[in-house]
Amino acid sequence: MPGITAGNSFCELKTRTLSETLKKRWQERTELYERYLKKLQDSGHIFEDQGAMRFRSPREHVILDDVVCGKIDFDLSNPATHPDMTIRRPDGSWIFHFVNVIDDLEMKISHVIRGEDHLSNTPKHIEIFRALGATPPHYAHIPLILNRDGSKMSKRDEGARVEYYIRRGYLPAAVRNYLCLLGWSPKDNREKIDIDEIIRIFDLKNIGRSSATFDPDKLHWLNGEYARELSDSEFYDLAVAKLKSSGVKLDDFPEKYVRDALQTCKGKVNTFDELPAYCGFYFTDNFEYNPEGVARHFTVENKPRLKAVRDALSILKKFDVAEIETTLKSTAASLGVKVGAIVHPTRLAVTGSNVGPSLYHLLEVLGKEKVVERIDRALSTF
RNA sequence: GGCGCGUUCGUCUAGUGGUUAGGACACAGCCCUCUCAAGGCUGGUGCACGGGUUCGACUCCCGUACGCGCUGCCA
């Protein structure tokens, strides 16, 4: 994409903040385009039209041999259907098609890989190359990515920016992997492939022809695949960053506590932005109980059971996973219920949620004091 | 309107004349299990339509429909 002529460069030019070097670069580009325009003028390819410069089409068939689309014959002989394109406006600014060709020429581009939306523009670009006596580059037009509603995903769409996924706690490797699966396939039913492998087996010739709808669900799944493979420390670092940016005050807790807490969440979430809701209970005593859970588990029948759990846990000498598990199981046995019957109310009392990390592990991390406190608080609500 | 491109489960795709049309995501059910997730198993849904060509078409050809792109003094 020709940077200096693209988008809002014109606006920037008018501002005082534009640096001298940028101004200079702009000047150089302008001179460059002028030179090529002159060349086209000298060879009779240009005519003026109300102050604008237009390129006179040779009016021939242009046969494009696209690396992914194959041979396509464009008939440009009819001026009514293919008018001569403008390449410079009366105000001196340049048209995309022209600068696009010049920039590629100047940079000695050998292969142009771009979206299929440019397919129909390509014969026009080829005409300019030829008029300049240059050989056009190889072209590869790749399928477009569509939004869920079938519309073309453009750079304006929020979901089309990588930052969007970074902000949402997606892993770069996963996003990259997913994107590669759109319009291309390794053909051996693999979905998760690391980038080195893709680079090894990728071939432009194997790009598909039809556009692909972006599927957030599949990206979400694939991200989980990558997230589960993170090392403990990688997971920890990313989790801490996400939690802090979400306003969770991790600094109020000992590092070991944070580490232990996060370790119980590893492999349980697909993206990091799910984390605050998933493990927030570790870092605040002030949480709400899930209403559905309350209706289901904070029942008169469960109250004595929860009380029994509280009492059993409160007399534990060693408050670790093994002891907790044994205690809960024996408590359930003596109550004559399945362990699930006391696990659910306990989890709700201590985390406010019906889902979360392994209960035994999470209790150990929270510590006896906090656990008993929270169960007491829960008991007082029903 | 003209020109160009496309069309295999809801989605991403494998498939290049003879397959029970395969996989993955999502969905449903079951198993496992302290919940969830993961994992295992099972299930349903697909070759846009109509003509050809052929002994035989998802696969080749033509047409139709639908979708998309280009058709700017947008990029």
Side-chain angles (χ1 to χ4, degrees), chain A residues 1-2 5-9 49-54 64 66 68-70 72-76 78 80-83 85-100 114-124 141 143-146 148 150-152 154-155 178-192 206 208-222 224-225 227-228 265-270 274 278 293 297 321 324-325 328-329 332 338-348 351 353-363:
Chain A
M1 194 56 71
T5 55
N8 38 24
S9 295
D49 178 17
Q50 298 176 297
M53 294 301 187
R54 303 187 125 209
L64 164 66
D66 193 275
V68 344
C69 302
I72 303 169
D73 184 344
F74 293 91
D75 180 1
L76 305 192
N78 185 353
T81 57
H82 294 89
M85 66 181 138
T86 302
I87 66 171
R88 198 183 72 175
R89 300 183 188 84
D91 70 358
S93 59
W94 304 94
I95 300 299
F96 163 77
H97 299 297
F98 180 67
V99 295
N100 177 55
R114 51 167 38 162
E116 204 181 36
D117 48 349
H118 278 300
L119 192 56
S120 301
N121 289 327
T122 306
K124 297 191 281 193
H141 287 91
L144 265 20
I145 297 175
L146 272 27
R148 268 278 211 245
S151 64
K152 177 180 110 176
S154 69
K155 38 193 175 254
Y178 176 71
L179 255 16
C180 287
L181 259 21
L182 258 24
W184 177 84
S185 149
K187 296 182 189 291
D188 56 8
N189 291 340
R190 277 183 298 172
E191 308 289 331
K192 181 176 176 299
N206 291 332
R209 297 291 334 264
S210 50
S211 42
T213 305
F214 192 91
D215 182 0
D217 286 338
K218 188 156 180 177
L219 204 212
H220 187 256
W221 163 78
L222 192 56
E225 294 290 299
R228 263 165 241 119
C265 304
K266 187 161 178 265
K268 308 281 255 177
V269 293
N270 280 4
E274 296 163 37
Y278 191 79
H297 303 300
V321 174
I324 292 167
E325 178 165 358
L328 284 184
K329 285 185 171 160
K338 286 186 179 175
V339 69
I342 59 174
V343 160
H344 292 288
T346 307
R347 172 186 299 282
L348 185 63
T351 73
S353 172
N354 298 315
V355 303
S358 156
L359 181 66
Y360 307 143
H361 291 81
L362 119 218
L363 291 179

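Letters A, B, ... are given to chains in the order of the sequence lines, protein chains preceding strands, and every chain is numbered from 1. Basis for what follows: all heavy atoms, side chains included, without hydrogens, waters or symmetry-related copies. As the structure is a computational prediction, the values presented were derived from the model and not from experiment.
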Need the pair for [N]. Rule: Watson-Crick or G-U wobble, both distances under 3.5 Å, any strand; none if unpaired.
N     : value
B:U19 : none
B:C60 : B:G52
B:C41 : B:G29
B:A65 : B:U7
B:C70 : B:G2

- Map A:S120 and A:P143 onto RNA chain B by nearest heavy atom, then report which one ends up closer to the 5' terminus.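 First, find each residue's nearest nucleotide; the 5'-ward one identifies A:P143.
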- Query: Want to settle it: does A:P357 or A:R209 sit nearer the 5' end of RNA chain B, counting the closest nucleotide to each?
  - Reply: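 Final value for this comparison: A:R209.
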Taking atom [atom1] in both [N] and [M], compute the distance separating them and give it to the nearest angstrom.
N     : M     : atom1 : value
B:G22 : B:G46 : P     : 12 Å
B:C47 : B:G10 : C1'   : 16 Å
B:A38 : B:C25 : C1'   : 16 Å
B:U7  : B:G50 : C1'   : 15 Å
B:A48 : B:C66 : C1'   : 8 Å
B:G6  : B:C62 : P     : 12 Å
B:C31 : B:G23 : C1'   : 23 Å
B:U59 : B:G52 : P     : 14 Å

Which of these nucleotides, [options], is closest to any side-chain atom of [X]?
X      : options             : value
A:H97  : B:U71, B:G4, B:A37  : B:U71
A:S358 : B:C34, B:G69, B:C73 : B:C34
A:R89  : B:G4, B:C12, B:C74  : B:C74
A:K152 : B:G69, B:U7, B:A75  : B:G69
A:W221 : B:C74, B:G4, B:A24  : B:A24
A:H361 : B:C34, B:G6, B:G39  : B:C34
A:K218 : B:U71, B:C12, B:C5  : B:C12
A:D215 : B:G69, B:C25, B:C34 : B:C25
A:N121 : B:C36, B:C34, B:C70 : B:C70
A:D217 : B:C25, B:C34, B:G15 : B:C25

Nearest heavy-atom pair of [X] and [Y]: which atoms, and what distance?
X      : Y      : result
A:K152 : A:L146 : CA-CD1, 4.1 Å
A:K192 : A:E225 : CD-CB, 3.9 Å
A:W94  : A:R89  : O-NH1, 3.3 Å
A:S120 : A:F74  : CA-CE2, 4.2 Å
A:G293 : A:N354 : CA-OD1, 3.5 Å

Which is true for [X] with a 4.0 Å heavy-atom rule: it touches a base, it touches only sugar-phosphate, or it touches nothing?
X      : answer
A:R228 : sugar-phosphate
A:G356 : base
A:Y178 : nothing
A:K124 : sugar-phosphate
A:L182 : sugar-phosphate
A:Q50  : base
A:G224 : nothing
A:E191 : base
A:D49  : base

Integer-rounded Å distance: [N] [atom2] and [X] [atom1]:
X      : N     : atom1 : atom2 : result
A:E325 : B:U33 : CD    : C1'   : 11 Å
A:L359 : B:A37 : CG    : P     : 16 Å
A:K187 : B:C12 : NZ    : C1'   : 13 Å
A:I342 : B:U35 : CD1   : C1'   : 13 Å
A:R54  : B:U71 : CZ    : P     : 13 Å
A:D188 : B:A24 : CG    : P     : 13 Å
A:L348 : B:C34 : CG    : C1'   : 14 Å

- Message: I'd like to know if A:K268 and A:E274 make a salt bridge, using a cut-off of under 4.0 Å between side-chain N and carboxylate O.
- Response: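 Judged by the 4.0 Å cut-off on N to carboxylate O distance, A:K268 and A:E274 do not form a salt bridge.
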- Query: Is the closest basic N to carboxylate O distance between A:D217 and A:R148 below 4.0 Å?
  - Reply: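 Salt bridge: yes.
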Under 3.5 Å, N/O pairs linking protein and nucleotides 63-65 of chain B:
none

- Message: Distance check, rounded to the nearest 0.5 Å: A:L222 atom CG versus A:N270 atom CG?
- Response: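 That separation rounds to 9.5 Å.
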- A:I324 side, atom CD1; A:H361 side, atom NE2 - distance, nearest 0.5 Å: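 Going from the CD1 atom of A:I324 to the NE2 atom of A:H361 covers 9.0 Å.
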- Task: Return no unless some side-chain N or O of A:T86 is found under 4.0 Å from OP1 or OP2 of B:C73.
- Result: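 Yes, A:T86 has a side-chain N/O under 4.0 Å of OP1/OP2 on B:C73.
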- Message: Between A:K268 and B:A38, is there a contact of a side-chain N or O with OP1 or OP2 at under 4.0 Å?
- Response: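 It does not, given that no N or O in the side chain of A:K268 lies less than 4.0 Å from OP1 or OP2 of B:A38.
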- Message: Between A:T351 and A:R347, is there a side-chain donor-acceptor contact under 3.5 Å, judged purely by atom types and distance?
- Response: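 On atom types as modelled, these side chains do not qualify, holding no pair under 3.5 Å.
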